[in-house]
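Below is a structure I'd like to ask you about.
Both counts, for ligands and for their atoms, begin at 1 and track the order of listing.
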Amino acid sequence: MTILVTGGLGYIGSHTVVELLQNGFQVIIVDDMSNSEKFILDNIEKVAGKRPVFFPFDLRRKELLAQVFDAYEIDGCINFAAFKAVGESQEKPLDYYENNLFSLINILQEFKNRNISNFIFSSSCTVYGQADQQPIDEDTPLKTPESSYGKTKQMGEEILKDFATAYKKKVSLLRYFNPIGSHPSALLGELPIGIPNNLVPYVTQTASGIREQLSIWGNDYDTPDGTAVRDYIYVVDLAKAHVKALQKLMAETSETVIDIYNLGTGKGSSVLEVVESFERANDVKVPYKICDRRDGDITVAYANADKAERELGWKAETSLDEALRTTWEWQKYLESRK
Ligand SMILES: NC(=O)c1ccc[n+]([C@@H]2O[C@H](COP(=O)([O-])OP(=O)(O)OC[C@H]3O[C@@H](n4cnc5c(N)ncnc54)[C@H](O)[C@@H]3O)[C@@H](O)[C@H]2O)c1
């Protein structure tokens, strides 16, 4: 089986490519390296023992995409390619709508024209906004996300539902909570481009001295220690869920399938708990200061991931300490490359 993995040199994509290769899939990556680097391809090969086929181009280039579909018999796609910086999406909404949605539609057109099914979409817990109840299951009502980035995820989901219904296709919408950590080999991880938006890369860069202090945005939330609570899911566990979701889609006998799964641990951790866990796991200090709340941040979000366990036989297995240990190993690897 040959799977097109868009954004396959990116953070979650590269880990998923390794899992696919290790499970006997052929992989074709399309990635324009707008947020990744070529050495990740070499490292995927080092970890998986196989080198995926790689095309460096922007998925908005329809004619190049068509050539890939002409050259290979593709059985499915996992679509990671997207811009993902929430803050930047507020400043450049058109860039986000264009990149995230035009790329998606271009691939779906190829699927439609060539009668291919099995499409997996990287969605996000951002589609739930600040949910009225925790944990969040898949029936929790969606709220319009505040950021343009979040809106591209919600719109992407709607496009895929229409696509599956109209053209009788099988799709899986995977709503990630907060992916963290790196591959145990320390050869794959999240690349730090610019000032990190997310907590864990910020914690890591503070521990290594790149940033002076971690800013904790608010300690007056209605949570046990006052800091915001999220569900941190280890990236290798997350990657494994993609293989399970794909195998389920492929085994489905119905023509039209719309699967939706929350991928999280089911456990919320506060910002201070993450800092403590990082310090414990790596025996380092993370200096921090408490600041005012940041606009748009929600108080708490953690998953009910029972549906994924029931239907995919998947469950997050890795502890927060272990995930944060791998993050630190990756940071040391990045520094050794300088
Ligand atoms: N990391 C998270 O916290 C998180 C949470 C929820 C959902 N997601 C979604 O998961 C997916 C993967 O996220 P990630 O953290 O691995 O991001 P990433 O930026 O590391 O990976 C995305 C990859 O796609 C590539 N890309 C972007 N636009 C492209 C285009 N037009 N053509 C070809 N390649 C393109 C980038 O170069 C990059 O390698 C994204 O869709 C993201 O929105 C991520």
CG of Asn106 to CD of Glu63, rounded to nearest 0.5 Å, is 9.5 Å
Who are the salt bridge (Lys or Arg N to Asp or Glu O under 4.0 Å) partners of Glu138, not counting sequence neighbours?
-> none
In sequence, state the C-alpha distance, the side-chain angles, and the governing distance for Arg310 and Asp306, and then conclude on side chain to side chain contact (heavy atoms under 4.5 Å, CB included).
-> CA-CA 6 Å; Arg310 221 170 37 243; Asp306 292 354; 3.9 Å; yes
Any side-chain heavy-atom pair of His183 and Trp330 under 4.5 Å = no
Chain-and-number sorted residues having a heavy-atom contact under 4.0 Å with ligand 1 are Gly7, Leu9, Gly10, Tyr11, Ile12, Asp31, Asp32, Met33, Ser34, Asn35, Ser36, Phe57, Asp58, Leu59, Phe80, Ala81, Ala82, Lys84, Asn99, Ser103, Ser122, Ser123, Ser124, Tyr149, Lys153, Tyr176, Pro179, Asn198
Side chains of Ser319 and Asp321, donor plus acceptor under 3.5 Å = no
Donor-acceptor side-chain pairing of Asp297 and Tyr221 below 3.5 angstrom | no
